[in-house]
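Both counts, for ligands and for their atoms, begin at 1 and track the order of listing.
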Amino acid sequence: MELTPTVAPMIDLSRQEDGTNSTETFAKVVAEGLSQEPKSLPSRYFYDAAGSRLFQDIMALPEYYLTRCEFKVLTENRQEMAKQFAENSFFHLIDLGAGDAMKTKILLRELNEQKSAFDYVPVDISGDAMRQLSNSLQQEMPSVDVQAVVGEYFPALEWLQENKSERKVVLFLGSNIGNFKADESKHFLQRICSNLSPGDKLLMGIDLRKDPDTILSAYNDASGVTAEFNLNLLRRINRELGGNFEVEQFRHYPIYNPHEGVMRSFLVSKKEQDVYIRDTGQTFHFDAWESIHTENSHKYSLQQVSELGKACGFSVETVFQDDACRFADVLFTVG
Ligand code: AVJ
């Protein structure tokens with residue numbers, strides 16, 4: 001007889017949200033973005049199944065230093081991090097945007113070895129990813145107590161506030177904060193803080209300011225994977241909303257502004273053209289060389305990170321960095 005591993009049931013909050021996964025919302029957002037002057041589309045729509053696969057490929061690119069750097073920072077500092085999380089008392093380890101938790105597993109293994117008392121709460125909008133993660137952890141680290149939550153960050157944090165009463169350590173890895181505009185990242189961190197208690201912690205991954213050429217290459221790789229990732233947004237509109245984008249008639253154009261520390265990505269129309277989208281019932285006109293802004297990736301100095309944290313109710317406990325100072329994982333405490 002085969003043993004079926006028992007995996008804790010997942011909490012699914014994704015349907016409570018009028019959220020980003022419904023086709024109508026997507027159609028509305030696309031119609032708004034393409035009617036604007038200048039045109040734009042939000043980067044959170046990159047990650048359908050095809051886009052998530054392309055992002056996996058991006059993380060393996062020689063030019064995309066972010067993932068490797070953070071992997072190194074976590075590996076080299078795992079003992080110290082685990083010790084600072086544990087503080088000899090039980091805690092909930094909450095992983096916002098956990099995905100496959102490739103990097104978090106470094107910390108989970110260490111916490112497990114140190115016999116820390118904790119449970120692991122991965123949060124992600126992808127139900128598939130959370131099912132796979134629950135199963136793989138059941139295999140790899142059966143002694144770790146896992147409670148996956150499927151949903152957006154804020155409904156998940158509110159659910160946690162009501163249902164998980166012990167001390168909390170929140171992980172927000174991968175420089176995902178970079179996609180937010182300055183005011184949005186403040187708002188985001190303030191909301192995290194308002195769902196935490198004094199003494200709770202936040203470990204946030206941040207891509208640091210560095211040579212502009214290094215940054216630009218990471219978003220303009222020689223093999224064109226990032227271009228495909230960006231263009232997939234148009235393919236997704238074709239697939240899900242009945243659009244008729246001729247994807248070859250657009251090109252990926254990334255540019256880094258060292259003054260603001262912002263990497264911006266665009267899709268540029270190579271010719272004058274009209275695009276019809278069935279689900280919005282509209283035709284969108286593109287002038288030759290007109291662009292759609294698709295993503296911001298903010299780069300921070302350590303000074304800015306610490307000021308951002310302070311403005312949101314956090315103080316810096318420890319800054320963990322690689323020797324080349326390319327990427328930092330900053331441990332904050334509430335209060
Ligand atoms: C997942 C937001 C951290 O901005 O570096 C990678 C996404 N975009 N290449 C980033 C991304 C283009 C990535 N984040």
Peer 1: What's the shortest distance from atom 4 (O) of ligand 1 to any protein heavy atom, and which residue and atom give it?
Peer 2: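 Ranked first by proximity to atom 4 (O) of ligand 1 is Ser297 OG, 2.6 Å.
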
Peer 1: Say whether Tyr64, considering both its backbone and side-chain N or O atoms, lies within less than 3.5 Å of an N or O atom on ligand 1.
Peer 2: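 Min N/O separation from ligand 1 is below 3.5 Å for Tyr64.
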
Peer 1: Just how far is it from atom CE of Met263 to atom CD of Glu295, taken to the nearest 0.5 Å?
Peer 2: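 Output value for this atom pair is 8.5 Å.
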
Peer 1: What atoms in ligand 1 come closer than 4.0 Å to a heavy atom of Glu295?
Peer 2: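 Listed by number with element: 4 (O), 7 (C), 8 (N), 11 (C), 12 (C).
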
Peer 1: Looking only at side chains, do Lys210 and Tyr65 share a donor and an acceptor under 3.5 Å apart?
Peer 2: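 Short answer, yes.
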
Peer 1: Report yes or no: does Phe55 have a heavy atom closer than 4.0 Å to ligand 1?
Peer 2: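 Contact check Phe55 vs ligand 1: positive.
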
Peer 1: Which of these, Asn176, Leu173, Thr67, has its nearest heavy atom closest to atom 14 (N) of ligand 1?
Peer 2: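 Ranked by closest heavy atom to atom 14 (N) of ligand 1, first place is Asn176.
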
Peer 1: Report, in ascending order of atom number, the atoms of ligand 1 lying under 4.0 Å from any heavy atom of Asn179.
Peer 2: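 Here the atoms of ligand 1 in question are 2 (C), 4 (O).
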
Peer 1: Going by an N to O cut-off under 4.0 Å, is there a salt bridge joining Asp48 and Arg235?
Peer 2: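 Salt bridge absent between Asp48 and Arg235.
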
Peer 1: Suppose I only count heavy atoms of Ser175 and a 4.0 Å limit; which atoms of ligand 1 are within that range?
Peer 2: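 It comes down to these atoms of ligand 1: 3 (C).
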
Peer 1: For ligand 1, which atoms sit closer than 4.0 Å to a heavy atom of Ile58?
Peer 2: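 So the atoms of ligand 1 that pass are 9 (N).
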
Peer 1: Side chains of Glu272 and His285: donor-acceptor distance under 3.5 Å anywhere?
Peer 2: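 Note: Glu272 and His285 side chains meet the donor-acceptor criterion.
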
Peer 1: Please determine if Glu158 and Arg191 form a salt bridge, counting it only when a charged side-chain N lies under 4.0 Å from a carboxylate O.
Peer 2: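 A salt bridge links Glu158 with Arg191.
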
Peer 1: Is Gly174 near ligand 1, meaning one of its heavy atoms is under 4.0 Å from it?
Peer 2: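 Per 4.0 Å heavy-atom rule, Gly174 contacts ligand 1.
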
Peer 1: What atoms in ligand 1 come closer than 4.0 Å to a heavy atom of Tyr47?
Peer 2: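 Taking each heavy atom of Tyr47 in turn, ligand 1 has 1 (C), 7 (C) under 4.0 Å.
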
Peer 1: As an exercise, state the distance from CZ of Phe245 to CG of Leu231, rounded to the nearest 0.5 Å.
Peer 2: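 Result: 10.5 Å between the selected atoms.
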
Peer 1: Of the non-hydrogen atoms in Leu241 and Ile277, which two are nearest, and what is the gap between them?
Peer 2: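 Residues Leu241 and Ile277, closest heavy atoms: O-CG2, 3.6 Å.
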
